[in-house]
Amino acid sequence: MKHIGLALLLAGSFAAAAHAADPVFEDHSVQLGGHIYSGDWEFFVGGGVAVMDCNADKRPDIFLSGGANASALYVNEGSFNFALSDGPAVTDVTGAYPLDFDADGWMDLYVLRVGPDRLLQGGPDCTFEDVTDAWGLPQTDRWSTAFTGWWEGDGRPTLAVGHYVDRADPEGPFEACDANSLLRPETDGWRDEELEPGFCALSILAAQDARGRMTLRLSNDRHYYVRGGYEQMWDIKERRFLTEQDGWPRVSLWGMGIASADLTGDGRDEVMLTSMGDQLMQIAQADGTYKPAPFSIGTYAQRPFDGSDGRPSTGWHAQFGDIDNDGRPDLFIAKGNVDQMPTNAMEDPNNLLIQQADGTFAEKADVAGVASKERSRGAALADFDGDGRLDLMVVNRRAGAELYRNVTPDSGHWIGVSITQPGGNRNAIGAVVTVTAGDLRLSQQVVVGGGHAGGQALPLHFGLGAATEATIEIRWPDPALRPVSVTVPVDRVIAISRQ
């Protein structure tokens with residue numbers, strides 16, 4: 001079973017790239033009514049979007065943060081039509097993440113805010129009820145900018161919440177990064193254990209690292225920690241930060257977002273870290289460490305690709321996804337100036353980087369029609385119309401949100417994988433799904449977190465190229481459970497439930 005493109009690049013072999021059709025997107029932004037993420041300096045960061053099926057009709061719905069404006073929920077009515085729901089409309093929202101906290105089959109929302117966060121319980125017909133107090137979520141008047149969750153037992157999830165600058169610090173904002181929150185479940189709620197030191201986290205992801213261990217990866221904004229801070233990895237089982245002795249070197253960057261995907265087929269996720277300047281791809285190694293990707297890979301995207309501005313780019317949300325279903329994950333990066341920062345590009349087009357057969361990535365945002373120059377923040381790749389092609393949603397600061405339909409011709413085959421299991425961790429957060437089809441071997445982890453201020457709870461999407469049959473293997477979060485393997489036809493969503 002051979003690995004896919006990136007393995008060829010790392011081995012130094014540059015095969016001829018496949019000549020597939022360029023990606024094509026249609027602009028359907030009018031569906032979102034011009035929704036804008038706005039506000040003063042406390043909303044320079046954030047602007048996330050949560051995507052989930054909130055009414056069990058198998059169509060992804062959209063929850064948009066609004067900053068100083070109210071948040072908005074758009075319900076997917078099919079055929080790329082979206083209707084604005086009556087609620088929930090929450091103000092001062094920086095982002096949100098969907099997660100089924102109570103295992104009732106309806107997606108709930110953890111809402112990040114400038115001020116006390118909110119926990120919204122989902123119900124039929126995309127109804128949401130504020131259960132922040134009823135469920136015992138600790139309330140603190142802080143500035144929340146990152147989130148992730150995972151299960152360590154069969155009850156409620158453990159949560160990690162990243163906090164930005166401590167607004168109460170009279171010496172701030174520089175060198176005034178707040179501590180992060182580690183929320184451990186108890187009978188009547190959660191216990192807040194501060195995770196220190198905090199270096200102004202803008203993204204957190206709980207996932208298996210290159211060692212195969214569940215680890216918290218925190219990406220931190222150098223702009224406010226100024227000096228002494230760095231990117232962090234926290235071993236969940238050992239409850240400690242990794243150091244140079246663990247093979248985790250200190251890296252300082254203007255960390256904005258995290259994307260994680262297995263690009264080589266070896267079962268270890270590569271990691272993309274967005275920043276002001278270079279977008280850093282880290283390649284997982286067999287010894288459990290990471291190495292920076294070679295510059296020739298084409299993902300550093302350090303300046304506007306159209307040559308319109310020589311100043312550094314500012315990357316925010318990043319997400320891997322197979323845009324043309326050729327079996328090679330591609331990469332979208334949302335770009336945009338913080339506000340009026342003169343050291344960085346003012347008009348900074350988003351990137352759509354399509355992976356080639358040799359493992360390099362080619363810029364296609366311009367030809368695809370998604371090279372917006374607004375101040376983009378959060379984003380999501382999701383199949384909104386059920387045709388097997390990943391569409392695109394982008395949140396902009398002080399400009400209308402954007403929605404694009406993927407109409408790329410001659411796309412390959414695909415498969416979606418949705419898994420559930422008994423108990424509190426209904427959606428099997430922490431599972432690993434591996435799909436093999438012909439000479440392709442692709443794996444994805446089931447996680448919630450990462451990105452920039454927003455994430456999704458949807459079937460995992462795999463592009464399969466010319467393959468017409470695929471084998472799905474599931475390793476459940478509990479390693480004591482036997483993996484499940486099933487061979488299925490393609491071009492459909494497969495639901496697998498462990499009884």
Side-chain angles (χ1 to χ4, degrees), residues 37-48 65 67-68 91-95 111-118 137-148 159-183 190-204 216-234 240-244 248-258 273-277 311-312 314-316 336-344 375 377 397-398 452-453:
Y37 178 79
S38 68
D40 205 348
W41 79 285
E42 291 169 321
F43 301 104
F44 282 2
V45 299
S65 58
T91 57
D92 300 322
V93 173
T94 56
V111 180
L112 303 169
R113 299 180 67 246
V114 178
D117 294 344
R118 312 308 293 171
L137 182 72
Q139 288 299 285
T140 55
D141 184 11
R142 302 168 85 172
W143 185 353
S144 298
T145 48
F147 174 85
T148 192
L159 312 175
V161 182
H163 301 299
Y164 203 48
V165 173
D166 181 356
R167 295 173 296 143
D169 189 334
E171 303 297 324
F174 297 105
E175 298 186 74
C177 291
D178 204 349
N180 299 311
S181 293
L182 187 62
L183 303 178
W190 285 265
R191 179 179 71 258
D192 189 347
E193 299 177 2
E194 290 197 340
L195 189 61
E196 296 186 281
F199 298 130
C200 291
L202 285 178
S203 190
I204 303 181
L216 280 183
R217 178 185 284 267
L218 298 91
S219 196
N220 303 311
D221 186 1
R222 187 176 181 176
H223 186 68
Y224 285 112
Y225 70 66
V226 185
R227 53 184 175 271
Y230 42 85
E231 299 292 285
Q232 295 167 295
M233 290 278 273
W234 193 78
R240 67 177 182 88
F241 285 105
L242 301 186
T243 67
E244 290 90 339
W248 178 249
R250 289 196 174 188
V251 175
S252 297
L253 49 79
W254 285 268
M256 308 294 196
I258 301 172
L273 303 173
T274 58
S275 179
M276 292 170 56
R311 289 172 291 183
T314 305
W316 298 90
N337 196 288
V338 172
D339 194 71
Q340 296 290 329
M341 188 168 288
T343 56
N344 287 62
R375 293 174 178 82
R377 293 295 190 264
R397 172 170 160 74
R398 293 198 283 112
H452 180 72

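Just so it is clear, the values below take in all heavy atoms, side chains as well, and ignore hydrogens, waters and symmetry mates.
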Minimal heavy-atom distance between N180 and G162, with the atoms involved, is OD1-CA, 3.3 Å
Across all chains, not counting sequence neighbours, the salt bridge (Lys or Arg N to Asp or Glu O under 4.0 Å) partners of R217 are none
- Message: Measuring only between side-chain heavy atoms, which start at C-beta, is L195 closer than 4.5 Å to L216?
- Response: yes
Residue set satisfying side chain to side chain donor-acceptor pair (under 3.5 Å) with R191, at least two apart, ordered chain then number -> E186, E193
The side chain to side chain contact (heavy atoms under 4.5 Å, CB included) partners of S144 (sequence neighbours excluded) come to L112, D117, V161, H163
Could you go through D178 and V165, starting from their C-alpha distance and side-chain angles, then the distance that decides it, and tell me whether this counts as side-chain contact (heavy atoms from CB on, under 4.5 Å)?
CA-CA 5 Å; D178 204 349; V165 173; over 6 Å; no
In this structure, CZ of R398 is separated from CZ of F43 (nearest 0.5 Å) by 13.5 Å
Hits for side chain to side chain contact (heavy atoms under 4.5 Å, CB included) against T145, two or more places apart or cross-chain, chain-then-number order -> V45, W143, Y164, L202
Contacts of D169 meeting salt bridge (Lys or Arg N to Asp or Glu O under 4.0 Å) (sequence neighbours excluded), chain-then-number -> none
Applying side chain to side chain donor-acceptor pair (under 3.5 Å) to T274 and not counting sequence neighbours gives none
Polar side-chain atom of R311 near backbone of P342 as donor-acceptor pair, under 3.5 Å:
yes
Between T343 and P312, the two heavy atoms sitting closest are O-CD, 3.3 Å
Sorted by chain and number, sequence neighbours left out, side chain to side chain contact (heavy atoms under 4.5 Å, CB included) with D40 holds for none
For G48 and S65 the tightest heavy-atom approach is O-OG, 2.7 Å
Smallest heavy-atom separation, G46 atom then A453 atom, equals CA-CB, 4.0 Å
Across all chains, not counting sequence neighbours, the salt bridge (Lys or Arg N to Asp or Glu O under 4.0 Å) partners of E196 are none
With a 4.5 Å limit on heavy-atom distance, are the side chains of N220 and C200 in contact?
no
Residues passing the ring pair (Phe, Tyr, Trp, His ring centres under 6.0 Å) test with F199, sequence neighbours excluded, are Y225, Y230
Correct closest heavy-atom pair for W190 and L183 would be CD1-O, 3.5 Å
Practice problem: Check whether any side-chain heavy atom of E42 lies under 4.5 Å from a side-chain heavy atom of D92, and answer yes or no. | Solution: no
Residues at least two apart in sequence or cross-chain that pass ring pair (Phe, Tyr, Trp, His ring centres under 6.0 Å) with Y37, listed by chain then number, are none
Say whether, by atom type as modelled, one donor and one acceptor occur between the side chain of Q232 and the main chain of P197 under 3.5 angstrom. yes
Quiz item: Is a side-chain donor or acceptor of S252 paired with a backbone partner of G229 at a separation under 3.5 angstrom?
Solution: yes
Under 3.5 Å, is there a donor-acceptor pair between the side chain of S275 and the main chain of W254?
yes
The reported gap from CD1 in I258 to CG in L273 (rounded to nearest 0.5 angstrom) is 6.0 Å
_Strictly distance-based, threshold 3.5 Å: is any side-chain N or O of R227 a donor or acceptor partner for the main-chain N or O of R222?_
no
Across all chains, not counting sequence neighbours, the side chain to side chain contact (heavy atoms under 4.5 Å, CB included) partners of T91 are A70, R113
Q.
Can a donor-acceptor pair be found, under 3.5 Å and without considering hydrogens, that links the side chain of R142 to the backbone of A179?
A. yes
Shortest non-hydrogen pair, R377 vs V338, comes out as NH2-O, 2.7 Å
Quiz prompt | Any F241 side-chain heavy atom under 4.5 Å of L218 side chain | solution = yes
Strictly distance-based, threshold 3.5 Å: is any side-chain N or O of T314 a donor or acceptor partner for the main-chain N or O of N337?
no
Sorted by chain and residue number, the salt bridge (Lys or Arg N to Asp or Glu O under 4.0 Å) partners of R240 (sequence neighbours excluded) come out as E238, D246
Would a distance-only check, ignoring hydrogens and angles, find a side-chain to backbone donor-acceptor pair under 3.5 Å from H452 to M256?
yes
